[in-house]
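A short write-up of the structure that comes next.
Order of appearance sets the numbers: ligands from 1, and atoms from 1 within every ligand.
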Amino acid sequence: AAKKDGRGRARTFTRSMLIVLEQREMLRRSLRTALSEGQFFIEYQPLMRSSSSVAGFEALLRWRHPLIGIIPPNVFIPMAEADGLMSEIGQWLLERACRAAATWPSHFTVAVNLSPAEFLHEGLTDRVAQTLDLVGIRADRLELEITESVLLERTTNNLDTLNTLNVLGVQISLDDFGTYYSSLSYLKNFPFDTIKIDQYFIKDLERDEKSQTIVRSIIALAHGLGMHVTAEGVETRGQAAWLQNEGCDRLQGHLLGFPMPAEAIGEFLRKSPSASVAGVLRT
Ligand code: C2E
Ligand code: MG
Ligand code: MG
Ligand code: MG
């Protein structure tokens, strides 16, 4: 009887596993044509200075699947990476985001995320330089965001790539700081302009003294190294006030602005600087 039960359970397990696998396989297949079918779009989330002015926008990739609807980047980007598609998608996004930035006030920056495969791609630095040339925006208006996971491998090449980008004049941010294999040697060896503190530490900032100590230390560390600090995932006035008081340079999160389509930026700018955002930050 035990044997039968065991087999039964094994069969059920296999079947549901199969369904998951088939769904993933279906997604992966449609991912291959998503770019040529025009299914990707970009939302832009504001990055606010603590003084309450807009510093720029971060480009966030979305996939509108014709049957499933909008699929978040955390789901499809790892698939695109595994299938070698991310480099091409990333190039599409980089050019498009830079073209959007070219229509904004010229002191606004645009932040673009780079996945490991994009960062490790041989032609990355040439591609960035060519895109800036083509679109005609200053290099310091582009911020490239990479996570620590990117830096785990091929250390000398990584340093070369970051130094080349630095020489081009592009800004480099260390995204999701504190969540991966945070190693202080990255901060010593690599030329970052900005550290972005992961929302994990911001979430419970108002209640948790440990998070407060960690965030305070990251701010001091960044400033001591001549880098700027951005807090991600700021959702409450209490968090914003605390961060402002501790000297955090920039804030990003739903409190200050949701990711929005490029066409909504004009209205956001007309409404925000004077009214809601300043009200939020100047308390
Ligand atoms: P990220 O670069 O750390 O981006 C911030 C994420 O936090 C975004 O999720 C954003 O929508 C979300 N977020 C912003 N403010 C708040 C808030 O107040 N509360 C909460 N709970 N969440 C907030 P999203 O758009 O789903 O992107 C997830 C990740 O996917 C990004 O994390 C980034 O690592 C990756 N990603 C997004 N777009 C791209 C892209 O174009 N290329 C690459 N390589 N990766 C991308
Ligand atoms: Mg980012
Ligand atoms: Mg982040
Ligand atoms: Mg993240």
Side-chain angles (χ1 to χ4, degrees), residues 31 34-35 39-48 55-64 69-98 100-101 109-121 124 127-128 131 142-150 171-180 182 192-206 215 218 228-240 243 248 250-262 268 277 280:
L31 196 49
L35 187 59
Q39 292 166 2
F40 290 118
F41 65 102
I42 306 174
E43 288 191 319
Y44 296 89
Q45 185 177 33
L47 290 149
M48 308 297 292
F57 292 85
E58 178 174 1
L60 296 163
L61 183 61
R62 277 89 181 82
W63 177 20
R64 190 182 286 109
I70 292 173
I71 303 174
N74 289 334
V75 173
F76 71 82
I77 288 179
M79 290 182 178
E81 284 260 303
D83 286 357
L85 302 168
M86 204 47 218
S87 189
E88 202 188 333
I89 298 169
Q91 170 58 36
W92 171 85
L93 178 131
L94 176 68
E95 188 179 328
R96 221 181 149 88
C98 287
T109 57
V110 62
V112 169
N113 294 284
L114 295 180
S115 60
E118 293 173 80
F119 183 77
L120 298 174
H121 191 266
L124 172 75
R127 165 195 280 190
V128 168
T131 306
L142 177 63
E143 290 176 29
L144 296 176
E145 299 194 356
I146 61 169
T147 58
E148 293 157 295
S149 60
V150 166
Q171 301 193 54
I172 303 157
S173 302
L174 187 54
D175 204 351
D176 300 349
F177 185 76
T179 49
Y180 290 91
S182 299
F192 297 110
D193 298 283
T194 299
I195 293 176
K196 298 188 75 173
I197 306 174
D198 194 80
Q199 54 187 56
Y200 175 75
F201 300 108
I202 309 301
K203 227 170 24 196
D204 56 5
L205 203 52
E206 287 162 281
V215 171
I218 297 174
H228 291 112
V229 201
T230 302
E232 304 191 272
V234 179
E235 294 184 351
T236 70
R237 281 168 175 267
Q239 291 163 351
L243 288 160
C248 186
R250 288 183 189 179
L251 310 183
Q252 178 180 19
H254 295 164
L255 178 75
L256 306 136
F258 284 86
M260 64 188 101
F268 174 82
V277 173
V280 160

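Below 4.0 Å from some heavy atom of Glu235 lie the following atoms of ligand 1, by number and element: 17 (C), 18 (O), 19 (N), 20 (C), 21 (N). Taking every heavy atom of Asn74 and a limit of under 4.0 angstrom, the matching atoms of ligand 1 come to 28 (C), 29 (C), 30 (O). Annotation for ligand 1: atoms under 4.0 Å from non-hydrogen atoms of Leu114 are 44 (N). Of all atoms in ligand 1, numbered sequentially from 1 with element shown, those under 4.0 Å from a heavy atom of Gly233 are 16 (C), 17 (C), 18 (O). Residue-ligand proximity, Glu232 to ligand 1, at heavy-atom distances under 4.0 Å covers atoms 3 (O), 5 (C). Those atoms of ligand 1 that come under 4.0 Å of a heavy atom in Ser115, given as number and element, are 44 (N).
Only the side chain of Glu118 comes within contact range of ligand 1, with a heavy atom under 4.0 Å; no backbone atom does. Looking at Asp175 against ligand 1, only its side chain comes within 4.0 Å, counting heavy atoms. The backbone and the side chain of Asn113 each have at least one atom closer than 4.0 Å to an atom of ligand 1 (non-hydrogen atoms only). Of the heavy atoms in Asp198, none comes closer than 4.0 Å to ligand 1. Heavy atoms of Pro72 found under 4.0 angstrom from ligand 1: none, in either backbone or side chain. Proximity of Ile77 to ligand 1, defined as any heavy-atom pair under 4.0 Å, is confined to the side chain (atoms from C-beta onward). Neither the backbone nor the side chain of Lys196 has any atom closer than 4.0 Å to an atom of ligand 1 (non-hydrogen atoms only).
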Side chain to side chain donor-acceptor pair (under 3.5 Å) evaluation trace for Gln171 with Thr109: CA-CA 9 Å; Gln171 301 193 54; Thr109 57; 5.7 Å; no
side-chain contact (heavy atoms from CB on, under 4.5 Å) assessment of Leu255 paired with Arg237: CA-CA 7 Å; Leu255 178 75; Arg237 281 168 175 267; 4.3 Å; yes
Working for side-chain contact (heavy atoms from CB on, under 4.5 Å), residues Trp63 and Leu31: CA-CA 9 Å; Trp63 177 20; Leu31 196 49; 3.6 Å; yes
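In this structure the side chain of Asp176 never reaches within 4.5 angstrom of the side chain of Glu148, judged on heavy atoms. Between Ile70 and Phe41 there is a side-chain heavy-atom pair separated by less than 4.5 Å. The shortest distance between side-chain heavy atoms of Arg62 and Pro72 does not fall below 4.5 Å. Side chains of Leu114 and Val150 form no contact here, defined as non-hydrogen atoms less than 4.5 Å apart.
No donor-acceptor contact under 3.5 angstrom links the side chains of Arg250 and Thr194, judged on distance only. At a cut-off of 3.5 Å, with distance as the only test, no side-chain donor of Asn113 or Glu118 sits close to an acceptor on the other residue.
Looking at every heavy atom in both residues, Ala97 comes nearest to Tyr44 through CA-OH, 3.5 Å.
Looking at ligand 1, you'll find an N or O of Arg62 within less than 3.5 Å of one of its N or O atoms. The N/O atoms of Leu93, backbone and side chain alike, include none that comes under 3.5 Å of an N/O atom in ligand 1.
The neighbour count for Glu88 CD, taken as heavy atoms of other residues, nucleotides or ligands under 6.0 Å away, does not exceed 12.
Atom OD1 is the N, O or S atom of Asp176 at the shortest distance from the Mg ion (ligand 3). Minimum-distance N/O/S atom of Glu58 relative to the Mg ion (ligand 2): OE2. Closest N/O/S atom of Asp175 to the Mg ion (ligand 2): OD2. Sorting the N, O or S atoms of Glu232 by how far they are from the Mg ion (ligand 3) puts OE2 first. Distances from the Mg ion (ligand 2) to the N/O/S atoms of Glu145 are shortest for OE1.
A distance of 11.5 Å separates CD in Glu232 from CG in Leu251, rounded to the nearest 0.5 Å.
With 2.8 Å as the limit, Asn113 counts as an N, O or S neighbour of the Mg ion (ligand 2).
Not a single heavy atom of Glu43 sits less than 4.0 Å from an atom of ligand 1. Ligand 1 has Gln45 within reach: a non-hydrogen atom of the residue lies less than 4.0 Å from it. Residue contacts with ligand 1 include Pro259, since one of its heavy atoms falls under 4.0 Å from the ligand.
A salt bridge is absent between Lys196 and Glu143: the closest approach of a Lys/Arg side-chain nitrogen to an acidic carboxylate oxygen does not fall below 4.0 angstrom.
The aromatic rings of Phe40 and Phe76 sit tilted relative to each other, their planes meeting at an angle between 30° and 60°.
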